[in-house]
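Chain letters run A, B, ... following the sequence lines, proteins first and then strands; every chain starts at 1. Because the structure is a prediction, the values reported are computed rather than measured.
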There are 2 protein chains.
Amino acid sequence: MSNLTVLRSYVQMSKPESLPPAILFNCSETCLTVFDAFPKAIFHFLVLPRVRPPLRVSDLTDLRSLLKRERKTAKAVLQDLSDEADNVKNMIQEEMLSRYGFQWQIWMGFHPAPSMEHLHLHVISSDLCSPKLKNKKHYNSFHPKLGFFLHLSDVLSWFDADPSYFEMMSRLRKKDYEPLLKEDLTCWRCERAVKNMPTLKEHLQEEWDNERRKEKARIAKKKASLKNREVPQPSSSPSQEQTDEGQSYDGSGKS
Amino acid sequence: MSNLTVLRSYVQMSKPESLPPAILFNCSETCLTVFDAFPKAIFHFLVLPRVRPPLRVSDLTDLRSLLKRERKTAKAVLQDLSDEADNVKNMIQEEMLSRYGFQWQIWMGFHPAPSMEHLHLHVISSDLCSPKLKNKKHYNSFHPKLGFFLHLSDVLSWFDADPSYFEMMSRLRKKDYEPLLKEDLTCWRCERAVKNMPTLKEHLQEEWDNERRKEKARIAKKKASLKNREVPQPSSSPSQEQTDEGQSYDGSGKS
DNA sequence: TATTCCGATAGTGAC
DNA sequence: GTCACTATCGGAATGAG
């Protein structure tokens, strides 16, 4: 199976629910959610619309082909993707807490003019720390402020705008978006220019490490202040935030 | 010692003849001949003018600086280089015969705007088969028909031409020559376009192998025809051309 | 047009 | 904007007490 058509092959299967669990995360009536085979962050899923009347698979090639159909129909597909993505997001948030002890941003959005056939909504965590994130194109395609990554909420808002605005945004011409991928590297958090990819990857790791440190301190502080107000409870079960890395939130502080 | 000034350091030594034999091939009153440290062919030498009155080392930075001096003085330096290069060429031709059983072209010439300081005349065999020949710049800088490699005979002929022509050729501006190094790869023998360096290197090897085969056949034929005219000699010692590769030129052909 | 190292860039082929 | 592979292209450092 070619890389370019693998997603289409999934939605055209008679029993997609039989896909191996390393590929398929969830199968609903409207959507398949698969693990991105080359995750560009710690969490990275693709939500695919299943082929359902009145749409045919050719209507679902990409966002552009979908937006050419009746607005109501297109909107319904996007709403289905959104609903499924919310479930995925909730699952990711739970995993963030249980595995890493804190939560960080999750982005949901599309790429204009993707290479892989069949519309796919990216659900990706904002760390962008992954060995599969290798080049400028990879990074810029997920940069949340650059303009290439089309946030789902923005795309949905096009439906509430002027028809002329909707038409303009629906064009999604490769030539309009291609140059964005070649722009200089800048950190999406601190907006600093970064010399090259190895430097960027180091920086992203540092930024995420910093966020983790701050978030855990914040959580510990909150927990401590809550404890101060509580009636002391003998041997309550430990909450998820305390399960990793041996950080000591033993309450031996101020109280 | 930096790569860029190593040649200058040689000619400024009080006793250049004491240079190790792996570096210095020959030292005359007027010239040093050194082995190119990164030979771009089986045989590759550099002939350097020694610093002698009325010239100073700064007059000998490159061909351009030399050609700015009095024509007579400049011509004398080039003639000294030429004389030494002829000696080197003779030596190479002997080595070609003794090591490989045949002879092939040897080119003598300059590079306009070289990186390494101090004028150096390249004496290089036309095989261009060497692991140190790695990129397009390397190859194009020795391509005998491209215009970047300035054949010694051509440079000497400038002195017999109109002063205006001499002036024009003496300019040797980097901007005029640089683009030549980026031209597409073509075989200097058969003029065919070649896709990339690995392909070119294979092709150059084949071309040289072909030349060797043809030359050895030619030599064998000539030898055979000479032999036919000779009074038969019992057990003559084998000549140099026959010492390698076990090719059978047994004379069983037409004669 | 010194080399070498690193990294970005470009074209290809994949099934 | 699929990946992985190959090759090219582009800048920077280079030695040395």
Using a cut-off of 4.0 Å on non-hydrogen atoms, how would the nucleic acid contact of B:P112 be classed: base, sugar-phosphate, or nothing?
nothing
Check: B:K134 main-chain N/O paired with B:H138 side-chain donor or acceptor under 3.5 Å:
yes
Does any non-hydrogen side-chain atom of B:W208 lie less than 4.5 Å from one of B:L204?
no
In a table with atom names and distances, give each donor-acceptor pair under 3.5 Å that connects a side chain of residues 114-123 of chain B to protein atoms at least two apart or in another chain.
residue, atom, partner, partner atom, Å
B:E117, OE1, B:R8, NH1, 3.0
B:H118, NE2, B:P49, O, 2.8
B:H120, ND1, B:H118, O, 2.7
B:H122, ND1, B:H44, NE2, 2.9
B:H122, NE2, B:H111, ND1, 3.4

Taking the side chain from B:S125 and the backbone from B:F43, do they hold a donor-acceptor pair closer than 3.5 Å?
yes
A:K134 atom NZ is separated from C:dC6 atom C1', nearest whole Å, by 17 Å
Run the side-chain donor-acceptor check on residues 15-32 of chain B: report pairs under 3.5 Å with partners two or more places apart or on a different chain.
residue, atom, partner, partner atom, Å
B:S18, OG, B:K15, O, 2.6
B:N26, ND2, B:E84, OE2, 3.0
B:S28, OG, B:T30, N, 3.2
B:S28, OG, B:T30, OG1, 3.4
B:S28, OG, B:C31, N, 3.0
B:S28, OG, B:C31, O, 3.4

Between the side chain of A:S65 and the main-chain N/O of A:T61, is any donor-acceptor distance below 3.5 Å?
yes
Quick one: is C:dA2 close enough that its OP1 or OP2 comes under 4.0 Å of any side-chain N or O from B:H120?
yes
Sticking with atom P, work out how far D:dC5 lies from C:dC15, rounded to a whole angstrom.
13 Å
Between C:dT4 and D:dG15, how far apart are the C1' atoms? Round to whole Å, please.
14 Å
Side-chain (B:N90) to main-chain (B:N87) donor-acceptor, under 3.5 angstrom
no
Nucleotide-level pairing of DNA chain C, given in dot-bracket where Watson-Crick and G-U pairs need both distances under 3.5 Å and | marks other strands:
.|||||||||||||.
Without decimals, in angstroms, what is the distance between A:K201 NZ and C:dC6 P?
18 Å
Nearest-angstrom distance from the residue atom CG of B:L48 to P of C:dA2:
13 Å
Can you check whether B:T33's main-chain N or O pairs, donor with acceptor, with B:Y10's side chain at less than 3.5 Å?
no
Run the side-chain donor-acceptor check on residues 152-162 of chain B: report pairs under 3.5 Å with partners two or more places apart or on a different chain.
residue, atom, partner, partner atom, Å
B:S157, OG, B:D154, O, 2.6
B:W158, NE1, B:D154, O, 3.3

Kindly state each residue pair satisfying side-chain hydrogen bond (donor to acceptor under 3.5 Å, both in side chains) with at least one member in residues 163-184 of chain A, sequence neighbours excluded.
A:R173-A:D176
Residue-level proximity of residues 146-154 of chain A to DNA chain C when a heavy atom falls under 4.0 Å:
none
How is B:H138 classified with respect to the nucleic acid when contacts are heavy atoms under 4.0 Å: base, sugar-phosphate, or nothing?
sugar-phosphate
Measure from CG on B:L7 to P on C:dA2 and round the result to the nearest Å.
9 Å
Pairs satisfying salt bridge (Lys or Arg N to Asp or Glu O under 4.0 Å), at least one member in residues 196-206 of chain B, at least two apart:
none
Please list, chain by chain and in numerical order, all residues satisfying side-chain hydrogen bond (donor to acceptor under 3.5 Å, both in side chains) with A:W104, sequence neighbours excluded.
A:D127
Write down the distance between CG (A:N140) and C1' (C:dA8), rounded to a whole number of angstrom.
13 Å
Quick one: A:K132 NZ to D:dA4 C1', roughly how many Å, whole number?
10 Å
With sequence neighbours left out, write down each residue that passes side-chain contact (heavy atoms from CB on, under 4.5 Å) with A:P144, or none if nothing qualifies.
A:W107, A:H151, A:W188
For the pair made of OH in A:Y10 and P in D:dT2, what is the distance, rounded to whole Å?
14 Å
For DNA chain C, what residues of residues 36-46 of chain B have any heavy atom nearer than 4.0 Å?
B:F38, B:K40
Have a look at A:E178 and say if it touches a base, only the backbone sugar-phosphate, or nothing, with a 4.0 Å heavy-atom cut-off.
base
Return the minimal non-hydrogen interatomic distance between B:R189 and B:E211, and the atom names on each side.
NH1-OE1, 2.6 Å
Which part of the nucleic acid does B:F110 contact within heavy-atom distance under 4.0 Å: base, sugar-phosphate only, or nothing?
nothing
Mind checking A:S115 for me? I need base, sugar-phosphate or nothing, with any heavy atom below 4.0 Å counting as a touch.
base
What nitrogen or oxygen pairs link the protein and nucleotides 9-15 of chain C at under 3.5 Å?
residue, atom, partner, partner atom, Å
C:dC15, O3', A:M1, N, 3.1

Tell me, please, which residues at least two apart from B:K132 pass side-chain contact (heavy atoms from CB on, under 4.5 Å).
B:F38, B:P39, B:K40, B:S130
Can you check the A:K195 NZ to C:dG7 P distance for me, whole Å?
9 Å
